[in-house]
Amino acid sequence: MQFRYDINGLRAFAVIAVVMFHFAPPSLPGGFAGVDVFFVISGFLMTSIIFRGIEQEKFSLTRFYFARANRIVPALALLCATLLILGWFYLLPADYETLGKHSAAAVTFVSNIVFWQEAGYFDAASHKKWLLHTWSLAVEWQFYLLYPLLLVGLKKVMSFANLKRAVVAGTLVGLGFSIYASSKWPESSYFLITTRAWEMMAGGIVYLYPWSLSDRTARLTSLSGIALIVISYVLYHDGMPWPGYAALLPVLGTMMVINANVQSSWLTNNAPFQAIGKWSYSIYLWHWPVVVFGYQFDIAYWWVPGTVLSLALGFLSYRYVESVKWLKVDNIKAVLQVRPVWMAAAMVIAGVLIMYGNGITSRLSPQVQQAVASADTSPLREQCHIDEYQSPDTACTIGDTDASWAVFGDSHTVELSYALAQKVSQSGESVRQYSFSGCPPSLLQENGTSRCTKWYKEVFEKLTNNDNIKHVVMGHRFSWTLFGDHLATYPDVPAEDNPERTARILESFDASVKQMAQAGKQVYILLPFPEIRDDVTTLITRARAKGADVANIVGTTPDYYARRNATVLAHLNSANYPENVTLIDAKRAFCDNNTCLAVENGKSLYFDSNHPSVYGAAKVVDLLPVSGRQ
């Protein structure tokens, strides 16, 4: 097959879109569809190789697999090695352990499965995963592995014409399943080959059933295809079920451009696009770690130097790694003599050693080790905290006696429950923990309004009817409940866009407090914990990389705290609660007049960006009047 300038230009269209989306999502909200363009191109090229080999009766699975390994593995292995070396010096143990795991998964082409099991592609946590983008390489490799096996096997039982028809049938079935799965199982449909294979087979259809077009019609088809791709980049967004039916737009657009086979289009065959197209694989490999670096170290306007750096690294990787002849397939004598194989094996070994070495804590200074170790959760979090309905009868009592204290709320009360139990145990008391992730005040809501409405009401009834419980601590992350997470907008705060919902939630909370107090309980309301500007481990990483003091790290400011929590603070401070209700200003455990700390005297006050560590929770417990109670 002669060099296709149109396909090379399409690669540039795809990688530019992905890079723009990752560096500055608002600039091209559907840029993630560039990956789908890559899939169609791969399917076209692989189908052409396989069918020409089968038709000429000289197709070799061994040659095919090692040719793909030679194309993909060396640059990928170099990227993994570079990140593991840099991570040794800059990453904290948990992040380095994760990088080791992801490196091993990337070079064995199972990272799509690993990332599917961990979280969503568009989650905030994605910017802590240096190799997240390798999921698409895993999908392609799995296709490369299975597709020729299936075609070679089918060729033994059907004619060449029927084999071509089988590819069309498989594409249509795959598309139908993708549409269904994308709405029913959005996470798995994004990452797994079962919902992506149809896109690659769609590229194969173009090779198997090319359209015969006049020059004028071909140019119009090519322009129309590019328009469809660009429309998907501009109009789509990451909140859409994907790939599903929406992916038809970039897939059909790519099919149209490839089939048109226009080699002289100024849109695809221009010097910049031809260069970027040649470097596209290496640009794709290197750009995401560059994006993560900017997020990790909070570099302003990173998209400008980051984009330039991605292009430069892509060029260097193409010139000095991709273009080097790593393998001569004709001379394969043993698998261990194939360089991509032992390069991948080296990365697997290194990744596994780092993973099972828990990130090699010994790399760190004692001061950093203390800060990291203290960013801990309650040892009873997994056992006593719930994320879906369980009967309140299964709730944990922390201590050896009937509980006289109860903690009631969402995940922000988990570590506080543990710290409180440690404190009151000195006077022979115990704590009953009732905590449900993301649970808003729900007493006045109808069952089914939220995941926890039924649970909330049942807990409330148990508490008010339990004469042994004398003291109830109530806490919620109101800012998240009312306005969502803070990291995407920090240091700005979102405007209140649903005052009626806010009023309903606060009214429900007031009813809970007043009825709890009327039942004779001493009620303590936790005012919100300060939310810091990033995960505490990320702040420690930045301080360490800059050579700054890691013993005392600023997390946010009292001004941000006041702005972020203005609505709930105004409400709680002006509420007419009974005398046996006390507001506990949790901010005092974290802030002075000028700063709110994330790390204090070498100990982390948080374990992420908003939940207190056990140490931070203990400082809040010190604000409660628990000393000497019987």
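None of the values given here were measured: they were computed from a predicted structure. Computed from heavy atoms alone, side chains included, the values below leave out hydrogens, waters and symmetry copies.
Note: I532 CD1 to C596 SG = 10.0 Å, rounded to the nearest 0.5 Å. Separating the CH2 atom in W286 from the CG atom in L311 is a distance of 14.0 Å, to the nearest 0.5 Å. Atoms SG and CH2, on C80 and W130 in that order, are 13.0 Å from each other to the nearest 0.5 Å. If you take NE2 on H133 and CG on L285, they are separated by 5.0 Å, rounding to the nearest 0.5 Å. Atoms OG1 and CG, from T557 and N594 in turn, are 10.0 Å apart once rounded to the nearest 0.5 Å. Here OH of Y389 is found 8.0 Å from OG1 of T394. Values are rounded to the nearest 0.5 Å.
Contact record, L61 with P148: CD2-CB, 3.7 Å, taken as the closest heavy-atom pair. When every heavy atom of A395 is checked against every heavy atom of R432, the shortest pair comes out as O-NH1, 2.8 Å. The heavy-atom pair separating V73 from P340 by the smallest distance is CG1-O, 3.2 Å. For the pair V139 and I193, the tightest heavy-atom approach, listed with the atom from each and the gap, is O-CD1, 3.9 Å. The minimum heavy-atom distance linking D585 with Y561 is given by the pair OD1-OH, 4.5 Å. In terms of heavy-atom proximity, A104 sits nearest to V352 at CB-CG2, 4.4 Å.
Between the side chain of N70 and the backbone N or O of F66 there is no donor-acceptor pair closer than 3.5 Å. Checked by atom type and distance alone, the side chain of R11 never pairs as donor or acceptor with a backbone atom of F38 at under 3.5 Å. The backbone N or O of L416 lies less than 3.5 Å from no partner atom in the side chain of T413, so there is not a single donor-acceptor pair. Side-chain N or O atoms of T134 include none that pairs as donor or acceptor with a backbone N or O of L137 at under 3.5 Å. Between the side chain of S374 and the main chain of S604, a donor-acceptor pair closer than 3.5 Å is present. In this structure a side-chain-to-backbone donor-acceptor pair under 3.5 Å is present from Y281 to I72. For the pair T595 (side chain) and L597 (backbone), a donor-acceptor distance under 3.5 Å is absent. Remark: the backbone N or O of P530 is not paired with any side-chain donor or acceptor of Y560 at under 3.5 angstrom. Within the 3.5 Å criterion, the main-chain N or O of F39 finds no donor-acceptor partner in the side chain of E199. For the pair D410 (side chain) and F436 (backbone), a donor-acceptor distance under 3.5 Å is absent.
Counting heavy atoms of neighbouring residues, nucleotides and ligands inside a 6.0 Å radius, atom CG of D592 exceeds 12 of them. Applying the 6.0 Å contact sphere to OH of Y90 captures no more than 12 heavy atoms from other residues, nucleotides or ligands. Surrounding CH2 of W302 are more than 12 heavy atoms belonging to other residues, nucleotides or ligands, all under 6.0 Å away.
Counting only N and O atoms by type, the side chains of Q433 and S435 include a donor and acceptor under 3.5 Å apart. In the model, H486 has no side-chain atom that pairs as donor or acceptor with a side-chain atom of N610 under 3.5 Å. For the 3.5 Å distance criterion, the side chains of S613 and E415 fail to qualify, holding no donor opposite an acceptor. Checking S42 against E140 by side-chain atom types alone, a donor-acceptor pair falls below 3.5 Å. Side chains of S282 and S317: a donor on one and an acceptor on the other come within 3.5 Å. At a cut-off of 3.5 Å, with distance as the only test, a side-chain donor of H102 or E118 sits close to an acceptor on the other residue. A donor-acceptor contact under 3.5 angstrom links the side chains of Q142 and N112, judged on distance only. Between the side chains of Y490 and T556, at least one donor N or O sits under 3.5 Å from an acceptor N or O. When only modelled atom types and interatomic distance are considered, T481 and H476 share no side-chain donor-acceptor pair under 3.5 Å. Side-chain N/O atoms of K128 and T538 include a donor and acceptor closer than 3.5 Å. With 3.5 Å as the limit, one finds a donor-acceptor pair spanning the side chains of S136 and Y284.
Inter-residue side-chain proximity for P289 and L83 is flagged as met; some heavy-atom pair is nearer than 4.5 Å. V348 has its side chain within reach of T108: a pair of non-hydrogen atoms, C-beta onward, lies under 4.5 Å apart. In this structure the side chain of L380 reaches within 4.5 angstrom of the side chain of I398, judged on heavy atoms. Within the 4.5 Å cutoff, the side chain of K423 has heavy atoms near those of the D622 side chain. Between C396 and Q383, some side-chain heavy-atom pair lies under the 4.5 Å cut-off. Contact of the F21 side chain with the P26 side chain is not registered, since no non-hydrogen atoms from C-beta on lie closer than 4.5 Å. Counting heavy atoms from C-beta outward, D36 and W242 have side chains that approach closer than 4.5 Å. When side chains are defined from C-beta on, V550 does not count as touching V599, because their heavy atoms never get closer than 4.5 Å.
Taking Y418 as the reference, nothing meets the ring-ring contact (aromatic ring centres under 6.0 Å, His included) condition, with sequence neighbours excluded. By the salt bridge (Lys or Arg N to Asp or Glu O under 4.0 Å) test, D608 pairs with no residue at all, sequence neighbours left out.
Remark: R71 engages E322 in a salt bridge, criterion side-chain N to carboxylate O under 4.0 Å. Between E600 and K603 no salt bridge is recorded (no basic side-chain N to carboxylate O distance below 4.0 Å). Looking at R533 and D298, no side-chain N of the basic residue comes within less than 4.0 Å of a carboxylate O on the acidic one, giving no salt bridge. The residues R451 and E388 are annotated as not salt-bridged, no charged nitrogen and carboxylate oxygen being separated by less than 4.0 angstrom. Looking at D492 and R563, no side-chain N of the basic residue comes within less than 4.0 Å of a carboxylate O on the acidic one, giving no salt bridge.
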Under the side-chain hydrogen bond (donor to acceptor under 3.5 Å, both in side chains) rule, what do H385 and S437 come out as? Steps first, then yes or no, please. CA-CA 8 Å; H385 179 59; S437 283; 2.7 Å; yes

Does the pair W405 and V473 meet the rule for a side chain to side chain contact (heavy atoms under 4.5 Å, CB included), with working shown? CA-CA 8 Å; W405 285 80; V473 182; 4.0 Å; yes

Show your working on side chain to side chain contact (heavy atoms under 4.5 Å, CB included) between M200 and M46 and close with a plain yes or no. CA-CA 9 Å; M200 289 172 271; M46 294 310 102; over 6 Å; no

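Stacking of R363 on the aromatic ring of Y96 is recorded, both the 6.0 Å distance cut-off and the 45° axial limit being met. Geometrically, R588 does not engage F590 in a cation-pi contact, judged by NZ or CZ lying under 6.0 Å from the ring centre and within 45° of the ring axis. No cation-pi contact links R544 to F89, judged by a cut-off of 6.0 Å to the six-membered ring centre and 45° from its axis.
Ring geometry, F191 versus F115: the interplanar angle falls from 30° to 60°, so the pair is classed tilted.
No option in W135, Y147, F109 other than F109 meets the ring pair (Phe, Tyr, Trp, His ring centres under 6.0 Å) test with W141.
Aromatic pair H127/W288: centroids less than 6.0 angstrom apart.
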